[in-house]
Undergrad: 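Before we start, here is the structure in question, set down as structure tokens.
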Protein chains: 2
Amino acid sequence: MRARVLVVDDDPALAEMLGIVLRSEGFVPSFVADGERALAAFRDSRPDIVLLDLMLPGMSGIDVARAIRGESGVPIVMLTAKSDTVDVVLGLESGADDYVVKPFKPKELVARMRARLRRGEDVAPELLTIGPPGNQITIDVPAHTVSRDGEEVKLTPLEFDLLVALARKPRQVFTREVLLEQVWGYRHAADTRLVNVHVQRLRAKIEPDPERPEIILTVRGVGYKAGTG
Amino acid sequence: MRARVLVVDDDPALAEMLGIVLRSEGFVPSFVADGERALAAFRDSRPDIVLLDLMLPGMSGIDVARAIRGESGVPIVMLTAKSDTVDVVLGLESGADDYVVKPFKPKELVARMRARLRRGEDVAPELLTIGPPGNQITIDVPAHTVSRDGEEVKLTPLEFDLLVALARKPRQVFTREVLLEQVWGYRHAADTRLVNVHVQRLRAKIEPDPERPEIILTVRGVGYKAGTG
DNA sequence: CGGCGTCTTCACGGCACCGTAGCGCCGAGG
DNA sequence: CCTCGGCGCTACGGTGCCGTGAAGACGCCG
């Protein structure tokens, strides 16, 4: 029952290190150094999880992630150098489930991989993605940023918290009372219309067509939920 | 699988020593003695990492670093004599990722090279760079200096610590409470406005236009973060 | 088809948050 | 003893965020 990992990275030294770490942690790693081979290897071996460098020769990690995501729901963890800066926002929207910034602690990487594999161990993911395919937004929790189509969307603190609350459990409906408690900290019910207003403001910023919301959906008579497609 | 190192140094004795050390540590080194050859060799062999002496005949290490950085993101580790001091500031902004001061312990050099290559082992880098392209500042942690556009920026100890705390995890937002703990050592919350004031003082010194900060950014309702692009 | 409840949309005022300037203490160095 | 830089603290003004109220649109029911 050892998980098979596909590592996509063009840095041989890093690959070697990952090999040692992953094997000692009970994973079965395989390695490729560029995007084309990554896709072929993925289709061939169907790994349980993919580790993907953002910077690759030729086909970028972004394209690889998109391609894999197009044909599988396999967990993808991105490796990014902090110097990548400009590409980060775009990279995160490509369908990755989580990311770690180089240099990273091997333990942290393994913890995040395990968390993606078995939902039991709760390392809060750095990235949350919601919305139907073709209309997704990505939330970078520690950076407190939200992006769509590679553009950062400016949100107020309250809007951000509300979005995160919904995105943490996509498809699950939250009543206004629950949201008031989780986001506002109100212990016992206040005016629930507050929630309506802020959902509306949020939609105005993140929905391409706020009149037909696809990311934050209304469940009439109950509350709201985040859509995933 | 073994990392290829391009060593740029005009001192044959040092080169010989480096050859022995690097080979014994599993690297595959190649050597050139001046800047022009360095560039040619780099374009030709595309090494995994570059070791670069700051003092070179003809084209200086600074220019070489800039040229390489202009066409590749390859890790560059500078070798500097402690007597260089004056040139160091300029050299550090040329795009190097780390540096070691001669005379150095072979073990330290190798550790720093590994840290740049396999990002897993975290040797804290000597150099931190933050700010958007074209408006970057470089922090030399052991030297306790900060420079922008080749000019050293004078900071007080507190300002320096605050800047380093933010720069160690760029893009990530820090609350004022966390900063008070990390920088001031206050265990449980004091007046967080203290942080505001020092951020402002810091900006006055490092931001070209303090009214439109690009290096230290405010995240309203949350805290501050260092920008990278 | 009509009515009612639910949700959406807009406008507006209070206020928390942040940026900025200024003052005073304290310790280091002359 | 005096000077000066570094730091803590307060005060004040502006900006944008948030909460409320009220009217308009929509869907679900009889």
Side-chain angles (χ1 to χ4, degrees), chain A residues 144 146 153-166 173-186 189-227, chain B residues 144-146 153-166 173-225 227:
Chain A
H144 256 258
V146 175
V153 180
K154 292 282 181 193
L155 296 186
T156 71
L158 192 65
E159 287 160 3
F160 184 82
D161 291 344
L162 176 58
L163 180 61
V164 169
L166 290 166
V173 182
F174 292 80
T175 65
R176 291 171 176 75
E177 285 76 13
V178 169
L179 288 171
L180 276 174
E181 190 179 329
Q182 286 193 14
V183 179
W184 278 260
Y186 295 177
D191 190 346
T192 60
R193 286 177 311 166
L194 239 187
V195 181
N196 296 21
V197 175
H198 285 280
V199 166
Q200 128 69 16
R201 286 172 180 162
L202 197 45
R203 292 213 264 232
K205 292 186 180 179
I206 64 174
E207 299 275 3
D209 180 4
E211 299 190 3
R212 286 197 197 71
E214 294 187 307
I215 299 171
I216 297 182
L217 307 173
T218 304
V219 182
R220 206 181 164 82
V222 188
Y224 298 99
K225 69 176 177 181
Chain B
H144 255 253
T145 57
V146 175
V153 180
K154 291 283 183 192
L155 295 186
T156 71
L158 190 66
E159 287 159 3
F160 183 81
D161 291 344
L162 177 58
L163 181 60
V164 168
L166 290 166
V173 181
F174 292 81
T175 65
R176 290 171 177 74
E177 285 77 12
V178 169
L179 289 172
L180 276 175
E181 190 179 330
Q182 287 192 12
V183 179
W184 278 260
Y186 293 177
R187 307 281 300 213
H188 279 297
D191 190 347
T192 60
R193 283 177 301 177
L194 183 55
V195 180
N196 296 24
V197 176
H198 284 279
V199 166
Q200 128 71 14
R201 286 171 180 164
L202 195 47
R203 293 213 264 232
K205 293 186 179 178
I206 65 174
E207 299 275 3
D209 180 4
E211 298 190 3
R212 285 194 198 73
E214 293 188 308
I215 300 171
I216 298 182
L217 307 174
T218 303
V219 182
R220 203 183 166 84
V222 188
Y224 297 98
K225 68 178 176 182

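Atoms considered below: every heavy atom in the structure, side chains included; atoms not considered: hydrogens, waters and symmetry mates. Each chain gets a letter, A, B and so on, in the order its sequence line appears, and its residues count up from 1. Since the model is a prediction, treat every value here as computed from it, not as a measurement.
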Undergrad: Return the nearest nucleotide to the side chain of B/L158; candidates are D/dT20, C/dG19, D/dC7.
TA: D/dC7

Undergrad: How many Å lie between CH2 on B/W184 and C1' on D/dC7, as a whole number?
TA: 10 Å

Undergrad: Sub-3.5 Å donor-acceptor pair from the side chain of A/E214 to the main-chain atoms of A/G227, do we have one?
TA: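 Flag not set: sc A/E214 to bb A/G227 has no pair under 3.5 Å.
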
Undergrad: Starting the side chain at C-beta, find the nucleotide from D/dG8, C/dG19, D/dG19 nearest to B/R203.
TA: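 Among D/dG8, C/dG19, D/dG19, the one nearest the side chain of B/R203 is C/dG19.
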
Undergrad: Rounded to the Å, how far apart are B/L202 CG and C/dG19 C1'?
TA: 15 Å

Undergrad: From the list C/dT9, C/dC18, D/dC7, which nucleotide is the closest neighbour of the side chain of B/R220?
TA: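 Nearest to the side-chain atoms of B/R220, counting from C-beta on, is C/dC18.
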
Undergrad: Rounded to the nearest Å, what distance is computed from the CZ atom of residue A/R176 to the C1' atom of nucleotide C/dC7?
TA: 7 Å

Undergrad: Could you check whether B/V197 gets within reach of a base, just the sugar-phosphate, or nothing at all, counting any heavy atom under 4.0 Å?
TA: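 Here B/V197 touches the bases of the nucleic acid.
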
Undergrad: Over how many whole Å does the gap from B/H198 atom NE2 to D/dG5 atom P extend?
TA: 17 Å

Undergrad: I need the CG-C1' distance between B/L162 and D/dC7, as an integer number of Å.
TA: 13 Å

Undergrad: Which nucleotide in the set D/dG19, C/dG19, C/dC7 lies at the smallest distance from any side-chain heavy atom of B/Y224?
TA: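 When the side chain of B/Y224 is considered, C/dG19 is the closest of D/dG19, C/dG19, C/dC7.
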
Undergrad: Return the value, rounded to whole Å, for the distance between atom CZ of B/R201 and atom C1' of C/dC23.
TA: 11 Å

Undergrad: For the side chain of B/R193, counting heavy atoms from C-beta on, which of D/dA11, D/dG19, C/dT20 is nearest?
TA: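 Nucleotide nearest to B/R193's side chain: D/dA11.
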
Undergrad: My understanding is that only residues two or more places apart in sequence, or in another chain, count here; which of them pass salt bridge (Lys or Arg N to Asp or Glu O under 4.0 Å) with A/E159?
TA: A/K205

Undergrad: Expressed in angstrom and rounded to an integer, what is the separation of B/F160 atom CZ from D/dC7 atom C1'?
TA: 18 Å

Undergrad: Counting heavy atoms from C-beta on, name the nucleotide in D/dC7, C/dT8, C/dA21 closest to the side chain of B/T156.
TA: D/dC7

Undergrad: With respect to the side chain of B/P157, which nucleotide from C/dA21, D/dC7, D/dA11 is positioned closest?
TA: D/dC7

Undergrad: Give the rounded distance in Å between these two atoms: CD of B/Q200 and P of D/dC7.
TA: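 In whole Å, D/dC7 P lies 14 Å from B/Q200 CD.
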
